[in-house]
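One structure is given here, and the rest of the page talks about it.
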Amino acid sequence: MKILLIHSDYLKYEVTKETPVAEDIEEEMKKGEMEECLSVFTAVEEKDEGKVDKVISEGVEEILDTVEKLDVDKIMLYPYAHLSSSLSDPDTAVEILKGLAEELREDFKVHRSPFGWYKSFKLSCKGHPLSELSKEIVVEEGEEEEEMVSKALEAEETMESTWGIMDVDGTFHELKVDGKEVQGYDFNENQDLKDFVRYEAGEKESGSAESSHIDLMRNHELVDYEEGSDPGNLRFYPKGRMMKGLLEDYVSEKTRRYGAMEIESPIMYDIDHPALKKHLDRFPARQYRMETPDKNVFLRFAACFGQFMMARDMTLSYRSLPVRLYELTRYSFRAEQRGELTGLRRLRAFTMPDSHALCKDLDQAKDEMMTRMDLAKSVVNGIGITVPDELELVIRATQDYFEENRDQIEKLVKNYGKPALIEIWDDQFFYFILKYEFNFIDPLGRASALVTDQVDVEQGERYDINYVDEDGEEKNPYILHLSPSGAIERVMFTLLEQAAMQEERGEKPTFPYWLAPTQVRFVPISDDQLDHVKKLEKEIETARVDIDDTDRTVSRKIRAAEKEWIPFIVVVGQDEVESGDLSVRIREKEEQVEMPLEELKKVLKEKQGDMPYREVPLPKYLSKRATFVG
RNA sequence: GCCACCGUAGCUUAGCUGGCUAAAGCGAUGGUUUCGUAAACCAUAGACCGCGGGUUCAAAUCCCGCCGGUGGCUCCA
């Protein structure tokens with residue numbers, strides 16, 4: 001609603017003719033005049049529809065505000081359509097006008113001029129600084145409307161699950177979960193799996209400690225919170241960016257090598273697009289929404305939208321299936337509830353490698369899923385997280401699917417290599433009928449999913465993705481949704497938590513060698529060796545080397561390097577310059593070894609293997625470095 | 001989003017039953033030191049005590065609101 005307030009000597013009007021939207025009025029309303037009053041010209045707008053009460057109360061507030069400043073006791077309400085170009089329907093307008101008059105009448109003398117009539121009027125404005133004011137009253141979206149929650153999210157609340165453990169030989173043990181008690185399986189050796197069940201299906205311990213990775217990600221100058229953004233949108237310092245970049249390179253390379261075609265797609269999508277709209281309703285997540293100059297859009301929460309929109313325009317034959325698409329989404333967005341966010345574990349903006357495979361039929365989908373599980377295992381192992389030892393498998397399926405495809409589920413468990421948690425849904429709430437996840441169980445018994453693959457039976461039809469089958473018929477493919485490593489940030493979370501676990505066990509915490517921001521640190525004992533060290537450093541081309549050329553004592557330099565978890569610390573003094581050997585402190589072995597440069601180079605090359613490589617993300621000389629955190 | 005807790009120099013913390021110029025270590029800067037495998041020495045700078053409002057003669061300290069964070073609920077990659 002727009003209002004124009006004029007402190008008037010008088011306002012005088014008379015109706016001349018009715019318009020098609022005129023309200024019915026008594027004879028006495030056809031003329032009116034008021035002296036020493038506040039004239040309130042109003043236009044009720046389209047966006048006020050459905051929010052009558054709110055508009056009235058905010059309107060009254062605005063008017064009272066001015067009335068008090070001007071110290072008047074008479075108010076003339078005057079409908080004036082020309083204040084707005086998008087007027088509301090007449091009923092809403094009359095309702096609001098009447099409401100305003102009624103509320104204001106409690107304390108003031110009010111005259112309401114009729115709505116929907118042509119009128120002649122005379123007005124005298126007082127002309128002082130406060131005498132003319134225009135205001136817009138906007139009732140914010142969300143104040144009255146409910147938050148939009150997908151049907152899948154709502155349905156989830158009523159979902160009933162059966163839980164069980166499947167052994168590698170296919171034996172299924174149904175579990176009884178009562179509070180913290182889990183019965184029906186002898187967990188004995190496998191505390192993580194037991195914690196996992198309790199986390200998924202039972203009651204958790206209360207009053208847990210903080211996750212270790214949050215301090216680590218800051219202390220190592222990897223990642224930090226960004227107060228200037230929305231919660232869950234982080235900043236990456238050079239070392240963190242490098243580590244994340246290497247992980248991104250590695251996962252993408254492996255996924256391309258599996259046969260997925262890498263593509264790039266937009267991060268925002270039209271909320272009114274029919275296929276997308278239905279998709280949203282079948283996905284259990286909250287979206288970021290925003291307005292562009294032309295549309296209402298939501299931010300992608302995975303790569304599905306871009307890849308499906310692309311796939312629907314592709315010409316596909318059964319001969320080309322399975323078709324594999326891939327995108328590293330930087331970023332995917334989910335408007336997670338405020339209290340769900342933590343460090344690198346749960347974010348609102350995250351980087352997810354996402355690959356979809358279009359499959360001819362269920363048999364092909366099953367085969368493809370197995371191929372992809374091998375890919376995922378290889379990716380995760382390559383990163384430095386051991387599968388199956390360090391992650392727990394869960395397979396979730398609808399009751400019908402589980403019963404009809406038990407053989408496939410047994411194969412998945414066998415292929416994974418250790419007993420898995422099974423969840424059976426009593427009904428299908430999502431677009432997928434089967435999904436599995438690799439879960440990391442942190443030291444406090446909390447589970448976080450990394451890898452996941454899903455069998456989707458709905459989106460092919462919803463997006464009108466078709467292939468021509470042998471018989472010449474157009475058919476919708478089965479679609480698999482795989483994240484071959486899980487979100488990159490969550491991989492970093494896992495690596496940091498595992499390092500904290502090493503420390504807990506009394507070992508020195510480490511980063512996987514290929515991810516260590518500095519792989520080799522040269523420590524000259526005094527300035528005299530600096531030139532020699534510079535020559536040595538140039539000899540090493542296959543590793544990230546930096547040089548501590550600061551004015552600190554040797555022990556201080558060692559200490560600094562240890563605190564950075566640098567895998568190889570090379571101390572060079574006069575002895576080394578003369579002998580040609582190097583004194584190498586190896587973190588992993590917690591020992592100090594004498595070796596010639598050539599041998600060090602060999603060891604480094606071996607450690608690196610064929611993992612992706614990037615240069616040192618900071619100046620080579622420590623004296624040139626700025627501090628990011630503290 | 002809900003419940004509980006937290007927010008003091010770049011970092012880690014002291015002060016917080018209201019009362020002098022808010023204290024220290026690390027780090028930074030300047031100087032001394034040129035050093036042999038996890039902390040050399042001296043000095044200097046550095047604080048809208050998260051933000052806004054309130055109570056009070058007086059607020060880092062008490063109260064309210066907001067922002068940020070942690071844990072739990074719920075949920076996920």
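Per chain, numbering begins at 1; letters A, B, ... match sequence-line order.
- At B:rC76, none of the side-chain N or O atoms of A:Arg286 fall inside 4.0 Å of OP1 or OP2 (strictly under the cut-off).
- Using a cut-off of 4.0 Å between Lys/Arg side-chain N and Asp/Glu carboxylate O, A:Glu248 and A:Arg330 are scored as salt-bridged.
- Note on A:Glu576: a base of the nucleic acid sits closer than 4.0 angstrom, heavy atoms only.
- Residue contacts for A:Asp354: at a heavy-atom cut-off of 4.0 Å it reaches no nucleic acid atom on any strand shown.
- Comparing the C1' positions of B:rC62 and B:rG25 gives an interatomic distance of 31 Å, to the nearest angstrom.
- The separation of B:rG15 from B:rG7, taken at their P atoms, amounts to 11 Å, rounded to a whole angstrom.
- Annotation: B:rA4 and B:rA58 have their P atoms spaced 31 Å apart (nearest Å).
- Applying the 3.5 Å distance criterion, the base of B:rU34 shares a donor-acceptor pair with the side chain of A:Asp527.
- Counting any heavy atom pair closer than 4.0 Å across all strands shown, A:Ala626 reaches no nucleic acid atom.
- Taking the P atoms as reference points, B:rA23 lies 14 Å from B:rC48, given to the whole Å.
- Contact annotation for A:Asn219: no contact, since no heavy-atom pair falls under 4.0 Å across all strands.
- Screening A:Glu562, A:Glu564, A:Glu591 against A:Lys508 for a salt bridge (Lys or Arg N to Asp or Glu O under 4.0 Å) leaves a single residue, A:Glu562.
- One interatomic measurement links the two molecules: CZ of A:Phe350 to C1' of B:rC75, which rounds to 12 Å at whole-angstrom precision.
- As judged by a 4.0 angstrom heavy-atom cut-off over every strand, A:Glu562 is placed among the base-contacting residues.
- With a cut-off of 3.5 Å on both Watson-Crick or G-U wobble distances, the partner of B:rU34 is given as none.
- For B:rC75, the base has a donor-acceptor partner in the side chain of A:Tyr199 [N/O atoms by modelled type, under 3.5 angstrom].
- Mapping A:Gly630 and A:Met352 onto RNA chain B by nearest heavy atom places A:Gly630 closer to the 5' end of the strand.
- With P as the reference atom, B:rU33 and B:rC42 are 15 Å apart, rounded to whole Å.
- Taking only distance into account, the side chain of A:Ser211 never meets the base of B:rU70 through a donor-acceptor pair shorter than 3.5 Å.
- Under 3.5 Å, the side chains of A:Ser211 and A:Arg446 contain a donor-acceptor pair of N or O atoms.
- Within the cation-pi definition used here (under 6.0 Å to the ring centroid, within 45° of the axis), A:Lys239 does not qualify as a partner of A:Phe511.
- Going from atom CG of A:Asp548 over to atom P of B:rA38 covers 14 Å, rounded to whole Å.
- Distance, A:Lys508 NZ to B:rU37 P: 14 Å, rounded to whole Å.
- Within 4.0 Å of A:Val554, counting heavy atoms only, lie sugar-phosphate atoms of the nucleic acid but no base atom.
- Put simply, the side chain of A:Asp215 and the base of B:rC11 share no donor and acceptor less than 3.5 Å apart.
- Note on A:Arg556: every side-chain N or O is 4.0 Å or more away from OP1 and OP2 of B:rU37.
- Between A:Met595 atom CE and B:rU37 atom P there is a gap of 18 Å when expressed in whole angstrom units.
- In terms of phosphate contacts, A:Ser583 brings no side-chain nitrogen or oxygen within less than 4.0 Å of OP1 or OP2 of B:rU37.
- Side-chain proximity of A:Val629 to the nucleotides B:rC11, B:rU37, B:rG68 is greatest for B:rC11.
- Using a 4.0 Å heavy-atom distance criterion, A:Leu347 is classed as a base contact.
- Nucleotide B:rC2: paired with B:rG72 (Watson-Crick or G-U wobble, both distances less than 3.5 Å).
- The C1' atoms of B:rG46 and B:rG10 are separated by 9 Å, rounded to the nearest whole Å.
- Within 4.0 Å of A:Gly486, counting heavy atoms only, lie sugar-phosphate atoms of the nucleic acid but no base atom.
- Counted by atom type alone, A:Gln428 and A:Glu458 present one or more donor-acceptor pairs between their side chains at under 3.5 Å.
- Side-chain polar atoms of A:His481 and A:Asp453 form no donor-acceptor pair below 3.5 angstrom.
- When the C1' atom is compared between B:rA28 and B:rC11, the two are found 11 Å apart, to the nearest whole Å.
- Taking side-chain N and O atoms only, A:Thr553 has no distance below 4.0 Å to OP1 or OP2 of B:rU34.
- One interatomic measurement links the two molecules: CD of A:Gln337 to C1' of B:rG72, which rounds to 13 Å at whole-angstrom precision.
- In summary, the side chains of A:Tyr288 and A:Asp230 do present a donor paired with an acceptor at a separation below 3.5 Å, with no hydrogens or angles considered.
- As judged by a 4.0 angstrom heavy-atom cut-off over every strand, A:Arg625 is placed among residues making no nucleic acid contact.
- Residues A:Tyr326 and A:Gln307 bring no donor and acceptor atom of their side chains to less than 3.5 Å of each other.
- Taking the nucleotide of RNA chain B with the nearest heavy atom to each of A:Glu340 and A:Glu437, the more 5' of the two is matched to A:Glu340.
- Contacts of A:Ser332 with the nucleic acid, taken as non-hydrogen atoms under 4.0 Å apart, are absent.
- Checked against a 6.0 Å centroid threshold, the rings of A:Phe333 and A:Phe301 do not count as neighbours.
- Computed from coordinates, the A:Arg218 CZ to B:rU70 C1' distance equals 13 Å when rounded to whole Å.
- Whole-Å rounding puts the A:Glu594 CD to B:rG36 P distance at 16 Å.
- When Watson-Crick and G-U wobble pairs are counted only if both distances are under 3.5 Å, B:rA23 pairs with B:rU13.
- Across all strands shown, B:rU29 pairs with B:rA43; the Watson-Crick or G-U wobble distances both stay below 3.5 Å.
- As rounded to whole Å, 17 Å separates atom P of B:rU37 from atom CD of A:Glu590.
- As judged by a 4.0 angstrom heavy-atom cut-off over every strand, A:Ile488 is placed among residues making no nucleic acid contact.
- Figure legend. B:rA60 is base-paired to no nucleotide; pairs are counted as Watson-Crick or G-U wobble with both atom distances under 3.5 Å.
- In this model, a donor atom of one side chain and an acceptor atom of the other lie less than 3.5 Å apart for A:Ser526 and A:Gln529.
- Taking atom P on both nucleotides, B:rC75 is separated from B:rU12 by 33 Å, rounded to a whole Å.
- Pair assignment for B:rG7 gives B:rC67, based on Watson-Crick or G-U wobble hydrogen-bonding distances that are each under 3.5 Å.
- The side chain of A:Arg559 approaches B:rA38 more closely than any other nucleotide in the set B:rA38, B:rU34, B:rG68.
- The residue A:Gln574 sits close to a base: some heavy atom pair falls under 4.0 Å.
- Out of B:rU70, B:rU34, B:rA38, the shortest distance to the side chain of A:Ile558 is found at B:rA38.
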